Amino acid sequence: MYDSIEYLDTRGYTETPLPFSTVIIKGLAAGGGLFVPEKLPQLDLTEIVKLASLPYAQQAALVFDRFGIDFSANVIDRLMQQAYGENFDTPVIAPVVEVAPRSYLLELFHGPTAAFKDMALQCLPWFFSLALEKPRDAAGTPMFHLILVATSGDTGSAALAGFRDREHTGVIVFYPRDGVSDIQSRQMTAAEGANVGVVAVQGNFDDCQNAVKTVFNDAAFTDVLAGQGVKLASANSINWGRLLPQVVYYASAYSQLVASGSLELGEQLDVCVPTGNFGNILAAWYARAIGVPIGRLYCASNDNNVLTDFINSGTYDISQRSFKLTPSPSMDILVSSNLERQLFELNGHDAGLIRKWMRELSEQRRFQVDEATFAALRESFSADWVSSEESLETIREVFQQFGYLLEPHTAVAWKVAERLRMTPDSPVLIVATSHWAKFASDVYRALHHMAPGEALPDEVAGLSGPQLVARIAEQHTAGSIPQHLAELDSKPIRFDETCANTAEAVSESIVDWLEQRRLID
Ligand SMILES: *Cc1c(COP(=O)(O)O)cnc(C)c1O
């Protein structure tokens, strides 16, 4: 047993530090802050290299245990075996592949929905449902927690797969009817499990998200539900329970590279991450902070390059920016919510400064960090961005040169790594966040020298998502396709409800769903 580590609130409104089990249920602190560990464990090099000889589940258990979470070592071991087992299509779970000399790809798409959100969402729900049973909170039966997700992409299917049949919980995903790909909507509407629900919302992602947010903040509605034993909850990427599982794969990747002889023990490895909400790259920063020999962190963005400008100037400014749609939609973000955690870590845990910056961001749409924080940021991070055209060109070039098919998010990171790496032969780990099959239309455009957004030619325009994937794989011998994606066409659609993009319509679907399952009457 290691010392338990408790969590601080980045805005300082939470009076006493809280344990892991409490912060994962809360998600966000009252007052809008995020939870951050009060101190960090340290792993030494011999421990890190030994990870490669353990199954991934045990690597994860070791890291969770060292983070002093308030579950017993036995419970952690058991949960990790369930989180990282047969549900992944490779026993390595997060394999590292050398695609070009000293360019290593960390493949995080081997989970049940073929995108990296699985790495955390196959894990968090086990802890979540067990945390609800912690005796000090539970008088009798724990409250039923209904997770609401508004998603424009990968989070929906990953949350459905992760919370499926987890006790005391349910999950309803709301997605914009006009804003997800064919594969993504099939993945969601065919989701299995007794405690899941999926609703298409008329309009775009903003409409969908606003309606769901309004329901969350509707005290009258949440009071009525609470009176019947139901609490609304979220599992978005600011939940610490989604961040901690991501630290594991950086330690794992390093140990794999030492075990395969690609790295000398202690040699520094730079890491390049395609970034949206700053969660994945922050996990790399934590991995380095606990002792993994990571060198520089390369923050890769698409046309929505607010983070590139921030890391290069110290000023975060969205006052003049418009939101752009790109082939890498999971990085189409203007307010990068996990950045707040990173700034708290770099400014010496100064909640007063965080409150000031976040107030400026909401009032003036910009803030500038002080010099010490900026220097600390520059010490760890470099940043660059890639246009939509360049990201598709990169997919084509890497496929022609090395025979490896990237998808658009990973292509952004590939290009940025190429530009920012110190020398052509300094080792760099590029994080692959999705399988190419989930973004088949743009991969097709890339391989056929087409522009982003250009209409697909007649011969493929009528194909379903899975058929297009099969066509690309046939024509380009692009390796294996995850079985569950290939079979999507034949899976029955379980959810075909569409609702208006109003809070009333969303709360009505929630009530219907709860009544059908006799969770309320
Ligand atoms: C979510 C996502 C990202 C961005 O990750 P963050 O942790 O939000 O920075 C990148 N690529 C894909 C495919 C994603 O699903």
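None of the values given here were measured: they were computed from a predicted structure. Start at 1 and go down the list; that is how both ligands and their atoms are numbered.
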Polar pairs, ligand 1 vs protein, N/O only, below 3.5 Å.
{"from": "ligand 1", "atom 1": "7 (O)", "to": "G279", "atom 2": "N", "distance (Å)": "3.3"}
{"from": "ligand 1", "atom 1": "7 (O)", "to": "N280", "atom 2": "N", "distance (Å)": "2.9"}
{"from": "ligand 1", "atom 1": "8 (O)", "to": "N277", "atom 2": "N", "distance (Å)": "2.7"}
{"from": "ligand 1", "atom 1": "9 (O)", "to": "G276", "atom 2": "N", "distance (Å)": "2.8"}
{"from": "ligand 1", "atom 1": "9 (O)", "to": "N277", "atom 2": "N", "distance (Å)": "3.3"}
{"from": "ligand 1", "atom 1": "9 (O)", "to": "F278", "atom 2": "N", "distance (Å)": "3.2"}
{"from": "ligand 1", "atom 1": "11 (N)", "to": "T433", "atom 2": "OG1", "distance (Å)": "2.9"}
{"from": "ligand 1", "atom 1": "15 (O)", "to": "K117", "atom 2": "NZ", "distance (Å)": "2.6"}
{"from": "ligand 1", "atom 1": "15 (O)", "to": "D154", "atom 2": "OD2", "distance (Å)": "2.9"}
{"from": "ligand 1", "atom 1": "15 (O)", "to": "S330", "atom 2": "OG", "distance (Å)": "3.4"}

### Query
Is the backbone of S328 close enough, under 3.5 Å, to the side chain of T326 for a donor and an acceptor to pair up by distance?
yes
### Ring geometry between F381 and F278 (parallel below 30°, tilted from 30 to 60°, perpendicular above 60°)
tilted
### Message
Quick one, Y286 and L244 - any side-chain contact, counting heavy atoms below 4.5 Å?
### Response
no
### Message
Using the rule given for ring pair (Phe, Tyr, Trp, His ring centres under 6.0 Å), can you reason through Y254 versus Y250, listing the C-alpha separation, both sets of side-chain angles and the distance that settles it, and then say yes or no?
### Response
CA-CA 6 Å; Y254 189 86; Y250 290 108; over 10 Å; no
### Task
Check the pair D154, K438 against salt bridge (charged side-chain N to carboxylate O under 4.0 Å, His left out), reporting the backbone distance first and the verdict last.
CA-CA 9 Å; D154 294 335; K438 291 196 85 172; 3.2 Å; yes
### Task
Determine whether the side chains of N305 and R321 contain a donor N or O and an acceptor N or O closer than 3.5 Å.
yes
